[in-house]
Amino acid sequence: MSRYNAKESEPKWQAAWEAAGVFQADVDPTREKYYVLEMFPYPSGRIHIGHVRNYTMGDVVARYKFSKGFNVLHPMGWDAFGMPAENAAMASGGHPKDWTYDNIDAMRAQMRPLGLSIDWTREFATCDPEYYGQQQALFLDFLEAGLVYRKNAVVNWDPVDMTVLANEQVIDGKGWRSGAEVERRELTQWFFKISDMSEDLLTALDGLDDWPAKVRLMQENWIGKSRGLRFAFARTDGGEPIEVYTTRPDTLMGASFVGISPDHPLARAIADKNTDAANFIAQCRQGGTTEEALETGEKLGFDTGVFVQHPLDPDWHLPVWIANFILMDYGTGAIFACPAHDQRDLDFCRKYGLPVIDTFFATDDPTPAADTAFVPPKEQAVRWVNHFAGLDIATGQEAIDATIARAEADGWGTGVTQFRLRDWGLSRQRYWGCPIPVVHCDTCGVVPEKKANLPIALPYDDGNGKPIDFSIPGNPLDRHPNWCDTPCPACGAPAKRETDTMDTFVDSSWYYARFTAPRANTPTDAKAAAYWMNVDQYIGGIEHAILHLLYSRFFARAMIATGHLPDTAAEPFNALFTQGMVTHAIYQTNDAAGRAVYHYPDDVDLRDGGAFLRATGAEVTVVPSAKMSKSKKNVVDPDDIIDQYGADVARWFVLSDSPPDRDVEWTAAGADAAWRFINRIWTMAYNIARMEDQGATAADAALRQALHKTIHSVTQNIESFGFNSAIAQIHSFANVLAKS
RNA sequence: GCGGGCGUGGUGGAAUGGUAGACACAUGGCACUUAAAAUGCCUGGGCCGAAAGGCCGUGCCGGUUCGAAUCCGGCCGCCCGCACCA
């Protein structure tokens with residue numbers, strides 16, 4: 001009797017599925033549809049075992065729904081723009097386009113043998129002009145609908161690479177690649193008006209019952225709704241009043257100064273006349289300094305010499321300070337500080353000798369809190385009592401609400417709702433991204449490109465017949481001799497294309513919609529979108545809990561507003577599942593100098609309850625279950641696993657043991673166990689087939705009962721993403737079957 | 001600092017108010033074999049016991065309940081997200 005031969009049977013069946021087009025999805029209004037989608041991969045060059053786990057989960061769901069009779073859409077594509085392609089070009093001299101498409105070919109070749117139930121006819125990459133051209137069309141529609149706008153914004157600027165850096169690319173105040181001190185620079189950038197939808201994006205989270213509560217909560221915190229009081233401090237010198245926002249108006253009697261951001265208009269006006277102030281602001285602007293101050297929590301302040309009147313007592317004057325910890329893009333960029341209720345304000349007041357007033361003093365206990373530095377004068381208490389007479393000065397929300405109501409009644413303030421969510425800046429000074437389809441004309445200004453001219457495609461060479469040189473800092477589109485030359489779409493005069501490209505998060509914010517009609521010559525096809533949307537089950541990593549998922553929710557709404565999606569698609573992902581990582585033990589020894597040396601799993605022998613180097617027999621320290629990392633050498637290559645055991649074993653193992661939302665540790669023993677089980681099934685099937693040939697029939701009542709129990713539990717386990725439990729049920733049934 | 005989650009054998013884990021530890025891994029044993037590999041079977045939380053069986057046991061302390069790994073309160077530990085957000 002032979003053993004299960006994956007190399008023979010897997011390609012055979014995969015070829016048969018392919019020939020029959022069994023996974024090809026077509027609109028069929030007579031059948032109920034089911035759209036399952038895994039977050040599409042970045043074409044880094046190799047698939048890793050985490051991809052295998054992700055796509056296997058989607059495959060299980062897709063095949064389950066196939067077998068339940070649904071018309072299943074299960075597509076795959078490539079999130080193909082982004083910096084790694086430019087970095088690779090910089091490092092090895094190739095072209096980002098070639099690098100990307102070569103990687104896609106390599107990864108597709110790795111994925112096909114996994115035997116996933118994917119409709120490959122719908123495949124696309126976001127760097128295909130056919131895709132990003134439609135994205136440009138969307139951008140133009142968004143622009144027309146007022147969903148995109150330009151404004152000046154402070155960005156992280158790398159003066160060596162001459163580019164904007166994302167926050168994640170700023171490390172200790174320095175550019176991650178150039179190592180140059182990052183500057184904060186003001187540039188004109190394009191923004192999506194996501195903040196206009198804050199309220200809707202927040203309240204709609206309530207309806208996402210099939211999303212992990214954790215993700216909903218993370219989005220809720222990110223959107224960050226707060227309720228507070230907005231009011232203005234009048235200046236004693238008669239200048240422009242300073243508007244502030246506070247969530248704690250009840251602490252107003254504890255105010256000891258008014259703080260403004262270094263980017264506040266008043267701070268700038270002062271800096272124009274005062275070099276000390278200008279120097280202070282420059283110091284705050286230095287990325288490094290701010291980062292460090294942030295780390296150590298050091299508060300820096302500058303006394304402007306300006307005074308304002310307390311809104312409840314014109315005779316009470318508060319000094320205005322510029323403070324490094326106040327953010328211009330939250331609230332009004334100005335605050336009043338109440339050191340008795342805010343640690344930050346207290347630190348600041350201590351450092352600069354400003355008064356600390358204990359507002360609690362004013363209620364019923366005249367003793368100031370022990371750690372406050374300042375004993376309030378009696379008149380403070382009198383002021384409090386006078387101004388809040390008739391108010392029920394309760395603690396907490398009641399006091400806040402009462403103070404807001406009072407401010408509105410007395411006409412000096414307004415209760416407002418504030419969101420933390422800011423507009424989404426999408427401009428990038430990068431080559432390898434979707435060009436922003438606008439033209440800058442001397443006479444007409446910023447003019448949208450005509451749709452007929454789309455796609456605005458990236459140039460392949462440098463315009464002089466040579467490959468683009470990515471080793472020169474800055475955006476290659478900027479120094480291209482003629483790519484940006486174009487007639488103004490409005491007046492026809494010579495004009496310049498915008499050379500900024502779009503953030504790659506744009507590409508992934510609507511790909512799920514494009515999959516419903518990937519070859520349409522509009523961004524979506526109404527009929528296909530109406531049939532296939534929404535995604536019924538979306539599967540991916542928790543690392544996308546905020547940005548990608550929030551941006552996609554915004555894009556779906558924007559696409560509805562511009563007629564590209566049906567009204568029912570505002571929440572594009574009905575159900576979301578976030579899967580855990582595949583981890584692996586790290587095998588580590590120390591060299592003579594005590595530095596850690598890492599070893600590949602293949603070089604390590606596990607025996608006698610320990611781990612030893614095959615080459616030398618030296619004992620190895622095992623660090624269990626760590627995130628796979630090439631530098632730690634704790635990686636397994638899916639190709640090796642498939643070569644050794646076949647795809648089904650790899651697929652079976654990544655779903656065994658651990659619940660799918662938790663991390664699973666890849667072990668050789670576990671892979672062996674999966675291999676043994678697959679063989680056991682194969683042997684049993686072989687034996688059963690032989691018995692049937694000899695006239696046997698399966699009619700045992702107990703067996704039938706066990707079978708149906710198993711079918712029931714496995715069904716429930718798949719529905720609830722309990723793949724590990726489903727596998728346990730199948731193991732159990734195999735045990736029953738073996739005994740009968 | 002704010003928000004959230006988790007804690008069960010040597011290991012991954014199962015059980016969502018009703019027989020704790022399903023299923024698997026590791027370990028030990030047996031069968032088959034000249035032998036090994038492969039395969040199959042048994043064992044598999046702790047203590048007492050020859051066994052039958054008994055007692056204890058889900059981080060710690062308390063509570064609710066006929067009944068708690070599960071619900072509630074407090075503590076301890078670990079993990080994650082956000083963060084000068086006013």
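Just so you know, these numbers come straight off a predicted model, no measurement behind them. Convention: sequence-line order gives letters A, B, ...; per-chain numbering from 1.
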Without decimals, in angstroms, what is the distance between [X] [atom1] and [N] [atom2]?
{"X": "A:D347", "N": "B:rG1", "atom1": "CG", "atom2": "C1'", "value": "12 Å"}
{"X": "A:H548", "N": "B:rG81", "atom1": "NE2", "atom2": "P", "value": "18 Å"}
{"X": "A:I678", "N": "B:rA38", "atom1": "CD1", "atom2": "P", "value": "18 Å"}
{"X": "A:L327", "N": "B:rA86", "atom1": "CG", "atom2": "P", "value": "10 Å"}
{"X": "A:I335", "N": "B:rA86", "atom1": "CD1", "atom2": "P", "value": "11 Å"}
{"X": "A:L252", "N": "B:rA86", "atom1": "CG", "atom2": "P", "value": "17 Å"}
{"X": "A:N221", "N": "B:rC80", "atom1": "CG", "atom2": "C1'", "value": "13 Å"}
{"X": "A:M581", "N": "B:rC79", "atom1": "CE", "atom2": "P", "value": "13 Å"}

| message | Within this structure, what is the CZ-CE distance for the pair A:F577 and A:M57, rounded to the nearest 0.5 Å? | response |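 Nearest 0.5 Å value for the CZ-CE distance: 6.0 Å.
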Partner of [N] by Watson-Crick or G-U wobble geometry, both contacts under 3.5 Å, or none?
{"N": "B:rC32", "answer": "none"}
{"N": "B:rC23", "answer": "B:rG12"}
{"N": "B:rA83", "answer": "none"}
{"N": "B:rC60", "answer": "B:rG74"}

| said: Give me syn or anti for B:rG59, where syn covers glycosidic angles within 90 degrees of 0. | reply: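 Base orientation: anti.
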| NZ/NE/NH1/NH2 to OD/OE distance under 4.0 Å, A:E186 and A:R268 |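 Yes.
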| query | Is A:E243 salt-bridged to A:R230, cutoff N-O under 4.0 Å? | reply |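 A salt bridge is present here (some side-chain N lies under 4.0 Å from a carboxylate O).
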Measuring only the [atom1] atom in each nucleotide, how far is [N] from [M]? A whole number of Å is fine.
{"N": "B:rG9", "M": "B:rU43", "atom1": "C1'", "value": "15 Å"}
{"N": "B:rC72", "M": "B:rG28", "atom1": "P", "value": "43 Å"}
{"N": "B:rC85", "M": "B:rG5", "atom1": "C1'", "value": "24 Å"}
{"N": "B:rG59", "M": "B:rA50", "atom1": "C1'", "value": "37 Å"}
{"N": "B:rG54", "M": "B:rC30", "atom1": "P", "value": "30 Å"}
{"N": "B:rC25", "M": "B:rC75", "atom1": "C1'", "value": "35 Å"}
{"N": "B:rU39", "M": "B:rU27", "atom1": "P", "value": "14 Å"}
{"N": "B:rU16", "M": "B:rC84", "atom1": "C1'", "value": "42 Å"}

So [X], base contact, sugar-phosphate only, or nothing? Heavy-atom distance under 4.0 Å.
{"X": "A:I326", "result": "base"}
{"X": "A:R422", "result": "base"}
{"X": "A:L217", "result": "sugar-phosphate"}

Distance-only donor-acceptor check, side chains [X] and [Y], under 3.5 Å:
{"X": "A:Q219", "Y": "A:R553", "value": "yes"}
{"X": "A:S195", "Y": "A:D423", "value": "yes"}
{"X": "A:N221", "Y": "A:R216", "value": "no"}
{"X": "A:S261", "Y": "A:Y330", "value": "no"}
{"X": "A:D672", "Y": "A:Y645", "value": "yes"}

| field | N/O (side chain, A:Y245) to phosphate O (OP1/OP2, B:rA86) under 4.0 Å | value |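 No.
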| said: I need a per-nucleotide contact map over nucleotides 13-26 of chain B, read 5' to 3'. Cutoff is protein heavy atoms under 4.0 Å; write B for the base, S for backbone only, - otherwise. | reply: SS-------BSSSS
| query | Does A:G333 or A:I542 map to a spot on RNA chain B nearer the 5' end, using the closest nucleotide for each? | reply |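 The 5'-side residue here is A:I542.
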| said: Taking salt bridge (Lys or Arg N to Asp or Glu O under 4.0 Å) as the cut-off, I'd like each qualifying pair that reaches into residues 643-669 of chain A, sequence neighbours left out, listed once. | reply: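 As it turns out, the salt bridge (Lys or Arg N to Asp or Glu O under 4.0 Å) pairs with a partner in residues 643-669 of chain A, which skip direct neighbours, are A:K7-A:D643, A:D59-A:R651, A:D648-A:R651.
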